[in-house]
Amino acid sequence: MNEALKTLQRQSTPAKALVEPAPDEKQLRQILKTALSAPDHGRLHPYRFISIRGDARHRLSEVFGRATLEREPDVDPAYLQKQKDKPLRSPLIVVAVASPIESPKIPEIEQILSAGAAAHNVLLAANALGFGSIWLTGANAYDEYVRAGLGIGPEEYIIGFLYIGTPAIEFPPRPIPEVSRHHTQWE
Ligand SMILES: Cc1cc2nc3c(=O)[nH]c(=O)nc-3n(C[C@H](O)[C@H](O)[C@H](O)COP(=O)(O)O)c2cc1C
């Protein structure tokens, strides 16, 4: 199979179907190195990653819980628990953060696109190493209390919670849309 077709094999795995083992430290470094090789106008590398595994996931669980209570003090306890359980679903979470800088030459949107390309490289590299993953955001990604809990700066964005692990079950290949619906060719 050629390399282009290999990327077709990447597909998301529901976070709760991701189990141990997650990439070890060495594999994670390798994955993040591929992230750092993403297209990047001006070589700014305008992003950073926070990895959370093992017991540290309980810290994120607390952050999600506190954020939910700040948003909705009278929240339904079952919903609160659901929010707190989110980070405990998968063995490794990589928080992808776009960190655009003020630049006269490189607009913020280009820097955020670079961050997105880097995050996608994380998924592709994890897949290449035999792991499953899913890119999730939801209300927590945009929540000021989650941002504070994770130490996100005022100019930064949480662009994704990348859940990574080993798929507990095999999922059938996902459908890919017809290319012709998304492509025109000038003659
Ligand atoms: C920026 C971004 C944010 C996303 N946030 C969510 C999310 O919060 N919840 C969700 O179910 N899927 C989310 N997705 C979509 C999934 O990651 C995934 O791509 C989708 O379920 C399709 O599965 P596939 O990757 O196998 O095609 C997001 C994708 C991107 C690129």
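Being a predicted model, the structure only gives us computed values, none of them experimental. As the structure lists them, so they are numbered: ligands from 1, and atoms in each ligand from 1.
- Protein heavy atom in closest approach to atom 27 (O) of ligand 1: R174 NH1, 2.7 Å.
- A ring pair (Phe, Tyr, Trp, His ring centres under 6.0 Å) with F161 is found for one member of F49, F64, W135 and no other, namely F64.
- Between E25 and R53 there is a salt bridge, since at least one side-chain N of the basic residue sits less than 4.0 Å from a carboxylate O of the acidic one.
- When only non-hydrogen protein atoms are considered, atom 8 (O) of ligand 1 lies nearest to T137 N, 3.0 Å.
- Contacts of Q11 with ligand 1, taken as heavy-atom pairs under 4.0 Å, involve both backbone and side chain.
- Close to ligand 1: G138, with a non-hydrogen atom less than 4.0 angstrom away.
- Residue nearest to atom 30 (C) of ligand 1, selected from Y163, F171, F161, W135: W135 (by heavy-atom distance).
- Residue contact check: I134 has heavy atoms under 4.0 Å from atoms 17 (O) of ligand 1.
- A heavy-atom distance below 4.5 Å is found between the side chains of P14 and F171.
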Check the pair N127, Q9 against side-chain hydrogen bond (donor to acceptor under 3.5 Å, both in side chains), reporting the backbone distance first and the verdict last. CA-CA 8 Å; N127 180 65; Q9 288 180 337; 4.9 Å; no
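- At least one heavy atom of R10 sits closer than 4.0 Å to an atom of ligand 1.
- Under the 4.0 Å criterion applied to side-chain N and carboxylate O atoms, E156 and R147 are not assigned as salt-bridge partners.
- Of the protein's non-hydrogen atoms, L136 CD2, 3.7 Å is the one closest to atom 12 (N) of ligand 1.
- Put simply, Y47 and Y163 are part of two different groups of oily side chains (I, L, V, M, F, W, Y) that touch within less than 4.5 Å, one to the next.
- When only non-hydrogen protein atoms are considered, atom 26 (O) of ligand 1 lies nearest to S12 N, 2.7 Å.
- Residues L162 and L92 share a hydrophobic cluster, clusters being chains of Ile/Leu/Val/Met/Phe/Trp/Tyr side chains in contact below 4.5 Å.
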